[in-house]
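Treat the numbers as computed from the prediction; the structure is a model and nothing was measured. Protein chains get the first letters and strands the later ones, always in sequence-line order, with residue 1 at the start of each.
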Number of protein chains: 2
Amino acid sequence: MPAAPAPATSTGKPAGRIRQKNEKAIIAAAEVEFARHGYKGTSMNSIAQAVGLPKANLHYYFSSKQGLYVAVLNNILGQWENALDHMSVDDDPAEALSRYIRAKIEFSRSQPLASRIFAMEVISGGQYLSQDNKRDWFRGRTAVIQAWIDAGRLAPVDPAHLIFTLWGATQHYADFAGQICQFTGKSALKKADFDAAATTLEQIILAGLGLKPPARG
Amino acid sequence: MPAAPAPATSTGKPAGRIRQKNEKAIIAAAEVEFARHGYKGTSMNSIAQAVGLPKANLHYYFSSKQGLYVAVLNNILGQWENALDHMSVDDDPAEALSRYIRAKIEFSRSQPLASRIFAMEVISGGQYLSQDNKRDWFRGRTAVIQAWIDAGRLAPVDPAHLIFTLWGATQHYADFAGQICQFTGKSALKKADFDAAATTLEQIILAGLGLKPPARG
DNA sequence: GTCTATACGTTGATAGAC
DNA sequence: GTCTATCAACGTATAGAC
C-alpha cells in the first residue's frame with residue numbers, strides 16, 4: 001500500500017521539510033519587498049539578498065517571479081479569510097459591526113504589508129487575483145445588512161456603499177500610514193493610535209446607522 | 001526695457017508654444033501609463049508610443065524618467081488644491097461636510113488616474129512627494145472641526161480620525177473601482193453610482209455626528 | 001538541494017545627423 | 001526641435017558543476 005501523498009505546496013511539488021521552510025522564508029521576504037516597491041519595482045535579486053539565498057534558489061522553489069508573486073498574494077488572501085467576515089443575520093447589528101470594524105483595523109495594524117500589496121494589486125488592475133466566488137461572498141454580506149434593515153434593526157442605507165465605506169476607512173490606516181504619520185507628526189502609528197481610530201470610526205458609523213454602541217469588556 | 005521672462009515650466013526652461021503643448025501631451029500620456037503600471041512598471045518607451053513621439057523627445061523635454069514622474073505628481077497636486085478644502089469655522093458644519101464629501105467623491109469620479117497614482121506613491125513611501133507645509137494644512141483642518149465641537153455644533157469625535165475616515169472612504173471609490181465593479185458585477189462605475197456613494201456616505205457621517213442633512217437644490 | 005557563471009532581453013539615457 | 005542608432009546597466013531565467 002503506497003504512502004499518502006505529501007501535501008501539495010504553492011508550486012505543486014511535494015513538500016519536504018527543507019522545501020517547506022525555504023518557501024516560507026522566501027514568501028516572507030518577498031512580501032516585504034513587494035510591499036515596499038511593488039511588483040515591477042522588486043527584483044528577484046533583492047528578495048534573494050533579503051532571504052540570504054542565491055537568486056537561482058528562488059527559481060528552484062518558484063518557477064518564475066510571477067509565480068512567487070501569486071504565491072504571496074494567495075498567502076495574503078488566506079490570512080484575510082481567517083481573520084474577518086463572520087457577520088450573520090442572527091447577530092446583533094451593533095455588536096457585529098463593532099467587531100468587524102475592530103477586526104479590520106487590527107488587521108491594518110498587524111498586517112500592513114499584506115494590505116499594501118493587495119491595494120497596489122487592485123489599483124493596478126488585479127490581473128493576478130483570482131476572482132473565484134467573490135461576487136457570491138459580497139452578495140452574502142449585503143444580504144445580511146439588508147435583512148437587518150428590513151427587520152427595522154438598522155437605518156435604511158445602501159448596504160453595498162456601507163461596506164465600501166467600512167472597507168475604505170479601515171484599509172486607509174494600512175495603506176496610507178506613511179501619510180498619516182507625516183500629517184500628525186508621528187514617527188510611527190502605535191497600538192493606541194489604531195485603537196483611537198477604531199473607537200472614532202465605531203462611534204461615527206454606529207450613530208450614523210441609528211445604533212447604540214454595545215457594552216464592551 | 002527687457003521683456004518679461006517667459007513663465008517657467010516644470011523643467012525650468014522657458015516655455016515656447018511648442019514646448020508647452022508637447023509637455024502637456026507628454027504629461028497626460030504619462031499619467032495614464034503611471035496610473036496603470038506604477039512608476040517602475042512604466043517605460044519611457046510606452047509613454048512615447050502613447051503620445052506618438054520618439055522616446056528621445058521625452059528626454060528632450062524632461063531630463064529623466066524621474067523628472068517626468070515628479071512633473072506628473074505636481075500636476076496632480078495642483079488639481080487637488082483647486083478642487084477641495086474650503087472648510088472654515090464660520091461655515092455650517094453639516095453643509096461644509098456635505099460639500100466636502102461630494103467634492104471628494106466627484107474627484108474620485110472625474111480624476112481616478114490622479115487618485116491612483118497618488119495612492120501608489122504614498123503606499124510606496126511617498127519619496128517623490130514634497131512634504132512642504134502639509135502638516136500645517138492638516139492642523140488647520142482639525143482646528144476647524146475642533147472649533148465646531150467646542151461650540152457644541154458637532155458631536156465630540158477625534159477630528160483627525162474623522163478626516164481620515166472621510167478620506168479613506170472617498171478615495172476608495174477611485175483606487176478600488178476595479179474591485180467594486182467585480183463585486184457588484186458592473187462593467188464600470190457610472191455617475192449614478194458615485195452619486196449613490198456620496199448620498200450614503202453623507203447620510204452615515206452626518207447622522208453619526210449628530211447633524212441633520214442640509215437642504216439641497 | 002545548492003550555487004557560480006552566463007545567456008538574453010529590456011530599460012533609461014545619450015550621441016549626433018538632420 | 002526632431003529623430004535614428006547605439007550604449008551600458010540591470011532584469012529574469014537557465015545551464016551545469018558540485
Side-chain angles (χ1 to χ4, degrees), chain A residues 6-27 29-34 36-73 120 124 127-128, chain B residues 6-27 29-34 36-73 120 124 127-128:
Chain A
T9 65
S10 46
T11 60
K13 297 184 181 179
R17 280 184 206 86
I18 300 179
R19 171 173 286 273
Q20 226 164 357
K21 186 188 109 192
N22 280 345
E23 281 190 0
K24 191 175 169 183
I26 292 170
I27 287 183
E31 189 174 297
V32 176
E33 294 298 311
F34 282 133
R36 191 176 311 253
H37 302 112
Y39 175 64
K40 273 280 192 176
T42 300
S43 71
M44 294 295 272
N45 207 347
S46 68
I47 298 174
Q49 282 185 316
V51 77
L53 290 172
K55 76 176 166 175
N57 284 32
L58 271 58
H59 280 99
Y60 174 73
Y61 288 110
F62 299 90
S63 58
S64 65
K65 181 185 179 182
Q66 178 176 326
L68 173 54
Y69 180 63
V70 170
V72 170
L73 281 181
M120 284 199 282
S124 305
Q127 55 178 312
Y128 296 122
Chain B
T9 66
S10 45
T11 60
K13 296 183 181 179
R17 279 184 206 87
I18 301 178
R19 172 172 285 273
Q20 225 164 357
K21 186 187 109 193
N22 281 346
E23 282 189 359
K24 192 175 170 184
I26 293 170
I27 287 182
E31 189 174 295
V32 177
E33 295 298 312
F34 282 133
R36 193 178 309 254
H37 306 292
Y39 175 65
K40 273 279 192 176
T42 299
S43 71
M44 294 294 273
N45 207 348
S46 67
I47 299 174
Q49 281 184 317
V51 77
L53 289 172
K55 82 175 164 173
N57 283 32
L58 271 58
H59 280 99
Y60 175 73
Y61 287 109
F62 298 90
S63 59
S64 66
K65 181 185 180 182
Q66 178 176 326
L68 172 55
Y69 181 65
V70 169
V72 170
L73 281 181
M120 283 198 282
S124 305
Q127 55 178 313
Y128 296 123

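If you measure from atom CG of B/Leu58 to atom P of C/dT11, you get 14 Å, rounded to the nearest angstrom. A straight line from CG of B/Leu68 to C1' of C/dA13 spans 14 Å, rounded to a whole angstrom. Rounded to an integer number of Å, the gap from CD of B/Glu23 to C1' of D/dG1 is 13 Å. Per the geometry, NZ belonging to B/Lys55 stands 12 Å off P belonging to C/dT10, to the nearest Å. In this entry the distance linking CG of A/Asn57 with C1' of C/dA5 reads 14 Å, nearest Å. A straight line from CG of A/Asn22 to P of C/dG1 spans 8 Å, rounded to a whole angstrom. Taking atom CD of A/Gln49 as the reference point, atom P of C/dC3 lies 14 Å away to the nearest angstrom.
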Next on the checklist: Between B/Met120 and A/Ser124, is the side chain to side chain contact (heavy atoms under 4.5 Å, CB included) condition met? List the steps.
Outcome noted: CA-CA 9 Å; B/Met120 283 198 282; A/Ser124 305; 3.9 Å; yes
Next on the checklist: Could you walk me through whether B/Leu73 and B/Phe34 satisfy the side chain to side chain contact (heavy atoms under 4.5 Å, CB included) test, starting with their C-alpha distance in whole Å, then the side-chain angles of each, then the deciding distance to 0.1 Å, before giving a yes or no?
Outcome noted: CA-CA 10 Å; B/Leu73 281 181; B/Phe34 282 133; over 6 Å; no
Next on the checklist: The test is side chain to side chain contact (heavy atoms under 4.5 Å, CB included); show your working for B/Leu68 and B/Tyr61 and say whether it passes.
Outcome noted: CA-CA 9 Å; B/Leu68 172 55; B/Tyr61 287 109; over 6 Å; no
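Looking at residues 36-48 of chain B, you'll see B/Thr42, B/Ser43, B/Met44 sit with a heavy atom under 4.0 Å from some atom of DNA chain C.
Listed nucleotides D/dT2, C/dA13, D/dA13 differ in distance to B/Ser64; the shortest reach to its side chain belongs to C/dA13. When distances run from any side-chain atom of B/Tyr61 to the nucleotides C/dA13, D/dG1, C/dT2, the shortest one goes to D/dG1.
Side-chain N/O atoms of A/Tyr60 include none lying less than 4.0 angstrom from OP1 or OP2 on C/dC3. Phosphate proximity of D/dT14 to A/His59: absent, as no side-chain N or O sits under 4.0 Å from OP1 or OP2.
Looking only at distances, a side-chain donor or acceptor of A/Lys65 sits under 3.5 Å from a matching main-chain atom of A/Thr42.
Nearer the 5' end of DNA chain C, as judged by each residue's closest nucleotide, is the contact made by A/Leu53, out of A/Leu53 and B/Gln66.
Note that CD1 of A/Ile47 and OH of A/Tyr69 are 11.0 Å apart. Values are rounded to the nearest 0.5 Å. Annotation: the span from A/Arg17 atom CZ to A/Asn22 atom CG amounts to 13.5 Å, rounded to 0.5 Å.
On a pure distance criterion of 3.5 Å, no polar donor-acceptor pair joins the side chain of A/Lys65 and the base of D/dG11.
For the pair B/Lys40 and A/Tyr39, the NZ or CZ position fails the cation-pi test of under 6.0 Å to the six-membered ring centre and within 45 degrees of the ring normal.
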